[in-house]
A.B. asks: 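Dropping the structure in here first, questions after.
Note that this is a predicted model, so its numbers are computed, not measured. We name chains A, B, ... by the order of the sequence lines, and we start the count at 1 in each one.
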2 protein chains.
Amino acid sequence: MYGIFSYDNDNPRVGFKYGDRILDLEKVRLSGYFDSIPIDEYVFLKPVLNDFIRLGQSIHRTIGQRINALLANDAVALADVQDQVFVPQSKARMHLPVSIGDYTDFYAGIHHAENVGRIFRPDGPPLPPNYKHMPVAYHGRASSIVVSGTPIRRPTGQFLAADGNVPVVGPSQTLDFELELGLIIGKQSAFGEAVPVEEAEDYIFGITLFNDWSARDIQRWEYQPLGPFLGKNFGSTLSAWVLPFYTLEPVRIAGPVQEPTPLPYLQIHKPGHFAIDLEVWLQPEGGEEVCICRTSAQHLYWNFAQMIAHHTIGGCNLNVGDVLATGTISGTLPNSCGSLLELTWNGERAIALNDTHRQTFLADGDTVTLRAFAQIDGNSLELGPATGVIYS
Amino acid sequence: MYGIFSYDNDNPRVGFKYGDRILDLEKVRLSGYFDSIPIDEYVFLKPVLNDFIRLGQSIHRTIGQRINALLANDAVALADVQDQVFVPQSKARMHLPVSIGDYTDFYAGIHHAENVGRIFRPDGPPLPPNYKHMPVAYHGRASSIVVSGTPIRRPTGQFLAADGNVPVVGPSQTLDFELELGLIIGKQSAFGEAVPVEEAEDYIFGITLFNDWSARDIQRWEYQPLGPFLGKNFGSTLSAWVLPFYTLEPVRIAGPVQEPTPLPYLQIHKPGHFAIDLEVWLQPEGGEEVCICRTSAQHLYWNFAQMIAHHTIGGCNLNVGDVLATGTISGTLPNSCGSLLELTWNGERAIALNDTHRQTFLADGDTVTLRAFAQIDGNSLELGPATGVIYS
């Protein structure tokens, strides 16, 4: 996984995560390990991954192979240089890995969408009528996406008072997380041109974990008729590490049967889902970290290729570094929901973290950490994490 | 007004609009007219205004004074250099004036909001319950904002077929414009910090015209529950010229009485509206241009300071170059509506452009031009324009 780190007083630069150490790719380059690969000599010294991403998947694969060879088979050579090329992750500071042009949030977790429908529209059908016809999405705020580890301030905003009639302004009383995967776009698409669904995955550089923190009270009062705004834009957490998308090939799986059959521009003839296990861990201030959700990316209704094909069908242009998040991923079991809204059924049922600590929405001092794992070549590859602590 | 132009084979650079000519500010600088102003020597050679904007309002005012003196009082000196410092606008190519981080679209035109409510929810109250409590807004797509003059491709997308039950995919049949003003943010606000309403105008660099092209059929099918997406993000048109906000001081006026009284964070104790006359002109392919809407910015319910205070109340950070658009501005008369949705009452009543040409939504080949005027010091100052032609 690639990310941007700084160490000592050096400028931020590109690193490769290797266990609890970071490989300084500029130093690897200076040691000659990337010789004959056509890369700009400053590409690893940039403060964001965007120029590295623009190198394209073919070069990413070559660089990945050289790194793997260095780490796995070239122990003698590595021993010579490892004091120079490795930085302990504990001593590094991580930065937002990409400069994000635009951020889009989908709603592709079908069980999440059904749960939200049941909670807020109990008398109607759980899914909106368009849900199985298109990957529903909205535009989010790019400026307030921060790197994993950045504290998140509880937002102040408007919401309806307890009597339900008069809006008041104050700190959100129902602060929540949302467990999502985030795609990082790797290739520009042209203004006015659609990306065909069969080519759509070529536009993905990598995958991250993404926490779309949500203030439910603010969101509920503001969102009609134009969608979420201040209920979401006070902060979103992106993992510091980005896994190249091609790495997931071994865990490619079929998604759910899509019935009704999608319109032609959304029909794709190969499996487009990925077996990624997802977890949410909650740690109250001074307490132990507890896993409160285990689920899987297989609960997405729409796959990544369909999201990109839909996003561009009208000609909207994608840029390198754009973030496309999946929306909250929830399973079908009570402890597989990717938000407290669902886990506590809108605060009606507190969840127990241990024998004494019960909780509905987030308290100040709570740390939420998203984790993800893919079983690749007999190893458990960990994505992310994406973590943040709430303060007021 | 400031913009980014190129001429001959020169790189894009900063220009100042003067009638039908453009003042090349780098050449003015080289002639010594900006001596003693503390500006970076490359600030006028940038391809976007962002670095110029960061100079701050005090320097913008000084530069503006020098330009005015040069143009008004220094005719002899100007004669010496004018072949060098002026470019005919007809020979220049205009570029998007700012690098836009995020774009937010408000819904602050109250008569537009009422009309939309009457058209789509005829049995309910025209305004949503939150409307008079907050400046409702949503996040838009920044990547597809293009400079005035860029052709706009009719978007393909999903919408309900005539029978109203089955979605189909095809070119939008109900393509529309939206008449809006766009603010360009001039100062960064901090992540996690609110901007007080009384200080909010300090965060505005300038004002533009903005056409939020809308595909009504796509928008209507997709927008529940998360708001507009593909119905809007296929293209938005920003004027090439940005008027510094302080220029509008002479036309500052009181806005509408706000009842109920807004919450304290939205209360501002000086007039926050501006007397700007607005027009929409429609020109069918091969036909004459006809004015189809005349209205005024006084029809905004919420003012600019309130929009910024609301946007940041939860800690969402603003960046230099962000665009905040007002939402469609409509008056109360039939010919003062800022969209064809309203002018034709959702296509029920065609409007007559001349004796023979009647029209509902936009046809291929139609050119839409937004114009705006402010009466300042006895002169009619023209903002914008923002123009675009539809093609398939």
Side-chain angles (χ1 to χ4, degrees), chain A residues 101-105 107 116-117 120 128-130 133-134 136-144 146 150-153 155-158 167-169 172 191-194 215 218 221-235 263-265 310-311 313-319 322, chain B residues 101-105 107 116-117 120 128-130 133-134 136-144 146 150-153 155-158 167-169 172 191-194 215 218 221-235 263-265 310-311 313-319 322:
Chain A
D102 279 286
Y103 148 51
T104 302
D105 198 23
Y107 197 48
V116 170
F120 290 125
N130 53 16
H133 295 282
M134 64 170 71
V136 169
Y138 66 102
H139 299 116
R141 180 81 189 177
S143 73
S144 53
V146 294
T150 307
I152 299 292
R153 188 171 186 173
T156 290
Q158 273 195 44
V168 295
V169 63
S172 169
F191 177 63
E193 300 292 335
I218 295 171
W221 170 230
E222 75 178 357
Y223 91 107
Q224 288 289 11
L226 297 176
F229 183 54
L230 301 187
K232 301 278 194 176
N233 72 9
F234 58 91
L263 285 161
Y265 79 97
H310 184 65
H311 204 315
I313 181 66
C316 178
N317 49 324
L318 302 178
N319 284 312
D322 286 350
Chain B
D102 281 285
Y103 148 50
T104 302
D105 198 23
Y107 197 48
V116 170
F120 291 124
N130 53 18
H133 294 282
M134 64 169 71
V136 169
Y138 66 101
H139 300 117
R141 180 80 189 178
S143 73
S144 53
V146 294
T150 307
I152 298 292
R153 188 170 188 173
T156 289
Q158 271 195 46
V168 295
V169 64
S172 169
F191 177 64
E193 301 291 335
I218 296 171
W221 170 231
E222 75 178 358
Y223 91 108
Q224 289 288 10
L226 296 176
F229 183 54
L230 301 187
K232 301 279 192 174
N233 70 10
F234 58 92
L263 285 161
Y265 79 98
H310 184 65
H311 204 314
I313 181 65
C316 179
N317 48 325
L318 302 177
N319 285 312
D322 286 350

A.B. asks: About how many Å separate CG of L226(A) and CG of D105(B), when rounded to the nearest 0.5 Å?
C.D. replies: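 Going from the CG atom of D105(B) to the CG atom of L226(A) covers 8.0 Å.
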A.B. asks: Go through the atoms of I218(A) and report whether side chain, backbone, both or neither lie under 4.5 Å from a heavy atom of chain B.
C.D. replies: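 Neither part, no heavy atoms under 4.5 Å.
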A.B. asks: G140(A), P155(A), G101(A): which one forms the most heavy-atom pairs within less than 4.5 Å of chain B?
C.D. replies: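 Max contact count across the listed options: G140(A).
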A.B. asks: In terms of heavy-atom proximity below 4.5 Å to chain B, should P225(A) be classed as side chain, backbone, both, or neither?
C.D. replies: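 Contact with chain B: backbone and side chain both.
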A.B. asks: In terms of heavy-atom proximity below 4.5 Å to chain B, should S172(A) be classed as side chain, backbone, both, or neither?
C.D. replies: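 Interface part for S172(A): neither.
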A.B. asks: Considering only heavy atoms, which portion of D322(A) lies under 4.5 Å from any heavy atom of chain B: side chain, backbone, both, or neither?
C.D. replies: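 When you check distances to chain B, only side chain atoms of D322(A) fall under 4.5 Å.
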A.B. asks: Is I313(A) close to chain B through its backbone or its side chain, or both, or neither, when contacts mean heavy atoms under 4.5 Å?
C.D. replies: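 Contact with chain B: backbone and side chain both.
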A.B. asks: Whether the side chain of D102(B) engages the backbone of S143(A) through a donor-acceptor N/O pair (distance < 3.5 Å, no angle test) should be reported.
C.D. replies: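 Between the backbone of S143(A) and the side chain of D102(B) there is a qualifying donor-acceptor contact (under 3.5 Å).
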A.B. asks: Which one, G192(B), G157(B), P264(B), leads in non-hydrogen pairs under 4.5 Å with chain A?
C.D. replies: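 Heavy-atom pair counts peak at G192(B).
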A.B. asks: Identify which of I152(A), L263(A), V168(A) forms the greatest number of heavy-atom pairs closer than 4.5 Å to chain B.
C.D. replies: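 Of I152(A), L263(A), V168(A), L263(A) has the most heavy-atom pairs under 4.5 Å with chain B.
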A.B. asks: Is there a side-chain contact between N233(A) and H311(B) in this structure, where contact means two heavy atoms from C-beta onward sitting under 4.5 Å apart?
C.D. replies: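 N233(A) reaches H311(B) side chain to side chain.
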A.B. asks: Mind checking whether T150(B) and F191(A) have side chains closer than 4.5 Å, heavy atoms only?
C.D. replies: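 T150(B) vs F191(A): side chains touch.
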A.B. asks: Any idea which of T156(A), V169(A), T104(A), V146(A) has the most non-hydrogen atom pairs under 4.5 angstrom with chain B?
C.D. replies: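 Top count of heavy-atom pairs under 4.5 Å with chain B: T156(A).
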A.B. asks: Can you tell which part of V136(B) gets under 4.5 Å to a heavy atom of chain A, answering side chain, backbone, both or neither?
C.D. replies: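 Looking at V136(B), just its side chain touches chain A.
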A.B. asks: Ignoring hydrogens and geometry, is there a side-chain-to-backbone donor-acceptor pair from R141(A) to N317(B) under 3.5 Å?
C.D. replies: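 Yes.
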A.B. asks: Against chain A, label V116(B) side chain, backbone, both or neither, depending on which of its atoms sit under 4.5 Å from a heavy atom there.
C.D. replies: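 Contact with chain A involves no heavy atom of V116(B) at all.
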A.B. asks: CG of L230(B) to CE of M134(A): how many Å apart, nearest 0.5 Å?
C.D. replies: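 Separation between the atoms: 7.0 Å.
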A.B. asks: Go through the atoms of P151(A) and report whether side chain, backbone, both or neither lie under 4.5 Å from a heavy atom of chain B.
C.D. replies: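 For P151(A), backbone heavy atoms alone lie under 4.5 Å from chain B.
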A.B. asks: Over 60° means perpendicular and under 30° means parallel, so classify the ring planes of W221(A) and H133(B), tilted if in between.
C.D. replies: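 Aromatic pair H133(B)/W221(A) classed tilted.
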A.B. asks: For chain A, which candidate among P129(B), G235(B), A137(B), G315(B) shows the most heavy-atom pairs at distances under 4.5 Å?
C.D. replies: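 Option with the greatest count: A137(B).
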A.B. asks: Could you check whether the rings of F229(B) and H139(A) sit parallel, tilted or perpendicular, using 30° and 60° as the cut-offs?
C.D. replies: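 F229(B) vs H139(A) ring planes: tilted.
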